[in-house]
Amino acid sequence: MLDLKEYGIVMWPEEKIISFREKLLTWYDENKRDLPWRRSKNPYHIWVSEIMLHQTRVDTVIPYYERFLDWFPTVESLANAPEERLLKAWEGLGYYSRVRNMQAAAQQIMTDFGGQFPNTYEGISILKGIGPYTAGAISSIAFNLPEPAVDGNVMRVLARLFEVNHDIGVPSNRKIFQAMMEILIDPKRPGDFNQALMDLGSDIESPVNPRPEESPVKDFSAAYQNGTMDVYPIKEPKKKPLPIYLKALVVRNDRGQYLLEKNESEKLLAGFWHFPLIEVDDFSSDNDQLDLFSQVKEESRAFGPSPQESFEQDYDLEVNWSQQVFDQVKHVFSHRKWHIQILAGQVTETKQFSDREIRWVSPQEFSDYPLAKPQQKIWQAYKTALEDEGLQ
DNA sequence: AACGCGGGGTC
DNA sequence: GACCCAGCGTT
């Protein structure tokens with residue numbers, strides 16, 4: 001067992017712990033939100049909600065949760081779902097490896113657990129995509145096991161309660177909060193205790209603009225008593241996303257279809273479909289209209305083919321490029337910021353690609369294809385520009 | 001231990 | 001624009 005004193009934390013005496021549990025759970029009973037997954041004790045339902053809630057807000061999750069259980073009502077149906085349907089169910093939620101891991105775990109449950117959801121912390125932990133937080137959440141909520149569920153909210157609340165001088169963003173410090181929770185957790189109502197701390201952390205004890213005077217446990221909080229609420233939790237700021245410059249190629253054929261390509265990489269937006277994209281160093285040279293003379297032409301030769309040229313080569317198409325200038329599309333990921341310029345054009349042929357991961361798709365069929373946010377923004381910008389053109 | 005992995009809310 | 005977030009897997 002970890003010695004909390006070594007980390008400068010003085011744990012409360014037993015009477016204070018019991019009093020804290022009572023205060024917190026009484027507040028929870030009176031103030032807890034009526035959420036769809038709180039009406040169920042089905043471990044599959046709890047699991048789906050917990051995975052969706054990773055780095056994602058409750059209001060965003062609710063409609064996805066309802067639809068997901070509608071599409072995949074059982075572990076077995078999830079295990080057998082086709083990839084496109086899986087991605088479509090998650091489209092717009094982000095962190096798409098979550099749903100891939102969930103399907104892998106559903107298959108584990110079918111093969112290794114006879115279709116029965118594991119009912120121990122160790123069994124749950126074996127499942128793909130389930131780490132210590134989620135294992136604790138499912139164990140405590142669905143099976144009433146006294147396991148802590150330490151997420152960002154819990155760490156923030158505990159850091160303020162005990163003035164923890166350790167960075168909550170450092171993974172190895174998680175064990176400190178885990179140890180605190182093993183002592184604090186209410187053995188009779190572990191699931192409610194975990195959820196109460198999370199509710200408290202997401203609203204009253206929110207990271208920005210907290211309302212500590214409204215906290216049901218402010219009398220227990222060292223930071224509140226000492227006026228150090230703004231000091232805790234200790235957390236290093238994140239790094240800024242790296243800017244990436246891309247040209248998106250929106251190309252229409254005679255039938256009004258557009259070229260879409262499947263992302264075969266296993267990394268960012270794996271498995272999603274996208275308008276052809278080409279990465280460039282930056283947009284500086286071609287933004288300057290006055291430079292359209294020999295100097296720039298020589299430079300472009302030195303730097304190889306233009307995006308238009310390399311696109312025509314890659315896809316073996318002759319494109320009638322539009323002169324229209326489209327708005328630039330921007331999209332921020334956790335670690336990248338995409339700046340996208342749209343190039344549009346038409347082809348008079350309807351060449352079929354033997355490689356079936358490149359297709360001509362009509363706008364009516366877009367809804368059959370998983371399309372991530374940047375592609376949706378590109379399509380919106382393209383359509384808007386065409387409409388504006390039509391009004392002239 | 002650091003990084004890769006989305007998207008949306010809030011100020 | 002800058003901040004935040006109901007994490008996990010990989011390297």
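Remember, predicted model here, so these are calculated numbers, not experimental data. Each chain gets a letter, A, B and so on, in the order its sequence line appears, and its residues count up from 1.
- Among the nucleotides dG9(C), dA6(C), dC5(C), the one closest to any side-chain atom of W37(A) is dA6(C).
- In this structure, CZ of R336(A) is placed 11 Å from P of dC3(B), rounded to the nearest angstrom.
- Ring-centre distance between W273(A) and F366(A): not below the 6.0 Å cut-off.
- Taking atom P on both dC8(C) and dG9(B), the two are 24 Å apart, rounded to the nearest angstrom.
- Using a 4.0 Å heavy-atom distance criterion, P171(A) is classed as making no nucleic acid contact.
- Outside the 6.0 Å centre-distance limit, the rings of F272(A) and H274(A) are not counted as a close aromatic pair.
- At a threshold of 4.0 angstrom between heavy atoms, the contacts of P237(A) with the nucleic acid are absent.
- The ring of Y382(A) has its center closer than 6.0 angstrom to the ring center of Y258(A).
- Distance L269(A) CG to dC5(B) P: 9 Å, rounded to the nearest Å.
- Look at R156(A) and you'll find a side-chain N or O under 4.0 angstrom from OP1 or OP2 of dA6(C).
- OP1 or OP2 of dG7(B) has at least one side-chain nitrogen or oxygen of H331(A) nearer than 4.0 Å.
- Protein atom NZ of K267(A) is 14 Å distant from nucleotide atom P of dT10(C), rounded to whole Å.
- If you take CZ of F272(A) and C1' of dC5(B), they are 12 Å apart, rounded to a whole angstrom.
- Across dC11(B) and dA6(C), the matching P atoms stand 15 Å from one another, rounded to whole Å.
- Using a 4.0 Å heavy-atom criterion, one finds that P374(A) contacts the sugar-phosphate atoms exclusively.
- Checked by distance alone, T56(A) brings a side-chain donor or acceptor within 3.5 Å of a matching partner on the base of dG6(B).
- Judged by the 6.0 Å distance and 45° axis criteria, R39(A) is not positioned over the aromatic ring of W37(A).
- Residue T134(A) has its side chain nearest to dC8(C) when only dC5(B), dC8(C), dG8(B) are considered.
- Between K238(A) and dC3(B), a side-chain N or O to OP1/OP2 separation shorter than 4.0 Å is absent.
- Checked against the 6.0 Å centroid criterion, the rings of F193(A) and Y28(A) do not qualify as a close aromatic pair.
- Atom pair R98(A):CZ and dG7(C):C1' shows a separation of 9 Å (rounding to whole Å applied).
- Within the nucleic acid shown, A372(A) comes within 4.0 Å of sugar-phosphate atoms alone, with no base atom in reach, counting heavy atoms only.
- Phosphate contact (OP1/OP2 of dC5(C), side-chain N/O of K235(A), threshold under 4.0 Å): present.
- Listed nucleotides: dA2(C), dG6(B), dC8(C). Nearest to the side chain of L268(A): dG6(B).
- Rounded to whole Å, the separation between the P atoms of dG6(B) and dT11(C) comes to 15 Å.
- N173(A) comes within 4.0 angstrom of nothing in the nucleic acid, heavy atoms only.
- Summary of the strand contacts: K239(A) and E91(A) both lie near DNA chain B, and taking for each the nucleotide with the nearest heavy atom, the more 5' one is attributed to K239(A).
- Using cut-offs of 30° and 60° on the angle between ring planes, the pair F275(A) and W379(A) is parallel.
- Nearest-nucleotide positions on DNA chain B for N209(A) and L93(A) put L93(A) closer to the 5' end.
- Nucleic acid contact class of R174(A) (heavy atoms, under 4.0 Å, all strands): none.
- The side chain of Y95(A) approaches dG6(B) more closely than any other nucleotide in the set dA6(C), dG9(B), dG6(B).
- Checked against dG7(B), dC8(C), dG8(B), the side chain of Y133(A) finds its nearest nucleotide in dC8(C).
- Proximity of the aromatic rings of F117(A) and F113(A) is defined here by a centroid distance below 6.0 angstrom, and this criterion is not met.
- Across all strands, S334(A) comes closer than 4.0 Å to base atoms (heavy-atom distances).
- Contact check, H335(A) against dC5(B): a side-chain N or O comes under 4.0 Å of OP1 or OP2.
- Both G152(A) and K330(A) sit near DNA chain C, but only K330(A) has its closest nucleotide nearer the 5' end.
- G92(A) comes within 4.0 angstrom of the backbone, heavy atoms only, and of no base.
- Checked against the 6.0 Å centroid criterion, the rings of W90(A) and Y95(A) do not qualify as a close aromatic pair.
- dC5(C) and dC5(B) have their C1' atoms separated by 14 Å, with the value rounded to a whole Å.
- Ranking dC8(C), dG6(B), dT10(B) by closeness to the F333(A) side chain, first place goes to dG6(B).
- The phosphate of dC8(C) (OP1 or OP2) has no side-chain N or O of K128(A) nearer than 4.0 angstrom.
- Checking dA6(C), dG8(B), dG6(B) against every side-chain atom of D151(A), the shortest atom distance belongs to dA6(C).
- One can place CG of L53(A) at 20 Å from P of dC4(C), the figure rounded to the nearest angstrom.
- Exactly one of V217(A), N31(A), V154(A), N153(A) qualifies for a side-chain contact (heavy atoms from CB on, under 4.5 Å) with L200(A). That residue is V217(A).
- Atom OH of Y64(A) is separated from atom C1' of dG7(B) by 9 Å (rounded to the nearest Å).
- Distance from the side chain of L35(A) is smallest to dA6(C) among dC8(C), dC5(B), dA6(C).
- Counting any heavy atom pair closer than 4.0 Å across all strands shown, K377(A) reaches no nucleic acid atom.
- The side chain of P207(A) approaches dC4(C) more closely than any other nucleotide in the set dC4(C), dG9(C), dA6(C).
- Between I51(A) atom CD1 and dG7(C) atom P the separation is 10 Å, expressed in whole Å.
- Within 4.0 Å (heavy atoms only), L242(A) reaches no atom of the nucleic acid at all.
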